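Take a look at the structure below.
Remember, predicted model here, so these are calculated numbers, not experimental data. Every chain is numbered from 1, with letters handed out A, B, ... down the list of sequences.
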Protein chains: 2
Amino acid sequence: MKTRVRQFGALGQEDRLRIFRLLVRAGPEGKCVDEIKRRLKIPGSTLSHHLDTLERSGLLAARRSGRFIYYAIDWPETANLIRFLTEDCCAEMHKSIRPRTGATAAQNAEDS
Amino acid sequence: MKTRVRQFGALGQEDRLRIFRLLVRAGPEGKCVDEIKRRLKIPGSTLSHHLDTLERSGLLAARRSGRFIYYAIDWPETANLIRFLTEDCCAEMHKSIRPRTGATAAQNAEDS
DNA sequence: CCTACATTTCTAGTATTCTAGAAATGATTG
DNA sequence: CAATCATTTCTAGAATACTAGAAATGTAGG
């Protein structure tokens, strides 16, 4: 769950969410730091910290190519985050609309 | 997008994510503050702040019943958050696995 | 109305995060 | 190997968030 906290936290900041969305649209090649900087008008050092936060959360992956470092969405990990939200929440959401008797997807232990 | 930042931020804190998950499992009736407090062992004033943060983000709704205040997941708003993530990200995710030529769901303006 | 109890606000100390200029690092190209 | 350019680290100030005890507020039932 700590990973999820870090990932939600990473997206819970305006510039970082803008970065994330830009990179989603950039596709698997991602974008280099300099282009993100020019596009979103974020000072270099600030941007570097935000990219670091996003990368350490697992949502971004960095890759060097020539003198540029490209950041791109880490899709497997992003998919995990979406699954965390949908399986823990949507299953219950649907259950509350059309109640069922059987087991649900929200039996992941953790908490009491 | 500011709403999404606030919502991700609300989930980006360990105790608040625990509260959220507890309430997901609690279903539409939710749980009163005192039970959340006993279950998660969070001091009253701290819990009150966290519930306020979650409510102001739109992810929780409060309802009074007798002397208790019940907090429950706001499912429409939670669904919006999930949709934000899946429509902005999953569409691109699938595109990057099987590329398409047509328009995608990720044309919501915002950013450059 | 007064007591009991649930919940929130007040208060304040501590910790974390955000920000960005300047300096340092790392890599490529001529 | 020198020059250049991309990126990160250093540094430090400002802002925001977290925490929780104590006091205040609100509600219900006797």
Quantify the bending of the helix from C:dC1-D:dG30 to C:dG30-D:dC1 as the angle between its end axes, each fitted on five pairs, to 10°. 30°
Taking the nucleotide of DNA chain C with the nearest heavy atom to each, does B:Tyr71 or A:Gly12 sit closer to the 5' end? B:Tyr71
Distance, rounded to the nearest Å, where B:Gln13 contributes CD and C:dT17 contributes C1': 14 Å
Between C1' on C:dT7 and NZ on B:Lys37, what's the gap in Å once rounded to a whole number? 8 Å
Please list all pairs passing the salt bridge (Lys or Arg N to Asp or Glu O under 4.0 Å) test where one or both residues lie in residues 73-83 of chain A, with sequence neighbours left out. A:Arg4-A:Glu77
Pairing residues for A:Arg67 by the side chain to side chain contact (heavy atoms under 4.5 Å, CB included) criterion, not counting sequence neighbours: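 With sequence neighbours excluded, A:Arg67 shows a side chain to side chain contact (heavy atoms under 4.5 Å, CB included) to no residue whatsoever.
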Kindly write out the residues that satisfy side chain to side chain contact (heavy atoms under 4.5 Å, CB included) with A:Thr46, not counting sequence neighbours, or none if the list is empty. A:Ile42, A:Pro43, A:His50
Near DNA chain D, which residues from residues 46-57 of chain A have a heavy atom under 4.0 Å away? A:Ser48, A:His49
Atom pairs under 3.5 Å, N or O on each side, protein against nucleotides 26-29 of chain C: can you list them with distances?
from, atom 1, to, atom 2, distance (Å)
C:dT28, O2, A:Arg67, NH1, 3.3

With a 4.0 angstrom cut-off to heavy atoms of chain A, pull out the first and last contacting nucleotide of DNA chain D, in 5'-to-3' order.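 Going 5' to 3' along DNA chain D, contacts run D:dT4 to D:dC10.
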For residues 53-65 of chain A, run the donor-acceptor check on the side chains, cut-off 3.5 Å, and write out each pair with its distance to 0.1 Å, sequence neighbours left out.
from, atom 1, to, atom 2, distance (Å)
A:Thr53, OG1, A:His49, O, 3.0
A:Arg56, NE, A:Asp52, OD2, 2.9
A:Arg56, NH2, A:Asp52, OD2, 3.2
A:Ser57, OG, A:Leu54, O, 2.7
A:Ser57, OG, A:Leu59, N, 3.3
A:Arg63, NH2, A:Glu29, O, 2.3

Across the strands shown, which category fits A:Tyr70 at heavy-atom distances under 4.0 angstrom: base, sugar-phosphate, nothing?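 Nothing, no heavy atom under 4.0 Å.
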Please enumerate all residues that pass salt bridge (charged side-chain N to carboxylate O under 4.0 Å, His left out) together with A:Asp34, with sequence neighbours excluded.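 Salt bridge (charged side-chain N to carboxylate O under 4.0 Å, His left out) check on A:Asp34 returns A:Lys37, A:Arg38.
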